[in-house]
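Notes follow once the structure below has been shown.
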Amino acid sequence: MTVLSFSIALLLLACVTWQTLAWSNMADDYVKDACNVTQYQDLCIHSLAPFSKWARQDPCRWAQAAVSVTTDETKRVTHYVINLKKNETLRGTREQRTLSDCIECFGDSIDNLHKSLGELRSLKSVTFDTQMKNVQTWMSAGLTSEDTCLDGFNGYKERQVKNLCNRVLNVTYMNSNALALVNKLAEDGGGSINTSP
Ligand SMILES: *[C@@H]1O[C@H](CO)[C@@H](O)[C@H](O)[C@H]1NC(C)=O
Ligand SMILES: *[C@@H]1O[C@H](CO)[C@@H](O)[C@H](O)[C@H]1NC(C)=O
Ligand SMILES: *[C@@H]1O[C@H](CO)[C@@H](O)[C@H](O)[C@H]1NC(C)=O
């Protein structure tokens, strides 16, 4: 009797352990699968891994996750630029103007990312194509804004400017990945979204 319940307990434990393992491996596969369409795969996997269990194989959720993490990073970089603008070492008129332009561009970019996320969260089968075209337009505009910021700093050698450009590039890569996941969703078509009529 005791031997039997002990065996059952062992069996249960084995099942639970196996399930947990299978579960986490599957989660890894989901994010790798989703990131397959992106250009910067390591960055994609690193930044989207936490969404794996939620998004699984749902292209709409992956697009939402990517836009969401891009928004967060864009906000962080914006704060960084705002602080940099206060810094004594970049007091020159030209530097100040370039930084102001960057802050404005990032503001536009954040607006576009918010609009995109709103649209992705309210997709309807009947308006799917129009909604996805909007998102694609807004996400591409975001990439242009970031490039504008980088162009402004062409030729600068300061360490702070180099750090800034690296962070802006990072945002550009995240935005590019998000656009790839948005394009994937658009290709899959309205049939792939779960909507109630
Ligand atoms: C995506 O995955 C397929 C196999 O599933 C592979 O052949 C292809 O090279 C991958 N694409 C990229 C960009 O890694
Ligand atoms: C300004 O630059 C100095 C020197 O690079 C740095 O130590 C400081 O933290 C910077 N301040 C801000 C607000 O970024
Ligand atoms: C790029 O963004 C990711 C995700 O937010 C972050 O973890 C990483 O530190 C960033 N890298 C650089 C160079 O800013």
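Every number for a ligand or one of its atoms is a count from 1 in the order of the listing.
- Residues forming a salt bridge (Lys or Arg N to Asp or Glu O under 4.0 Å) with R76 (at least two apart in sequence, or on another chain): E73.
- Within the structure, every pair that satisfies the side-chain hydrogen bond (donor to acceptor under 3.5 Å, both in side chains) test and touches residues 128-144, not counting sequence neighbours, is listed here: E119-Q131, E119-N134, T127-Q131, Q136-N183.
- Sorted by first and then second residue, the pairs that involve residues 167-176 and meet side-chain hydrogen bond (donor to acceptor under 3.5 Å, both in side chains), not counting sequence neighbours, are E146-N175.
- The protein residues lying under 4.0 angstrom from ligand 3, judged by non-hydrogen atoms, are H46, E73, R76, R167, N170, M174.
- A donor-acceptor pair is defined here as one N or O able to donate and one able to accept, closer than 3.5 Å; such a pair exists between the side chain of S145 and the backbone of A141.
- In this structure a side-chain-to-backbone donor-acceptor pair under 3.5 Å is missing from W62 to K184.
- Looking at S109, its side chain never comes within 3.5 Å of a backbone N or O of C105 through a donor-acceptor pair.
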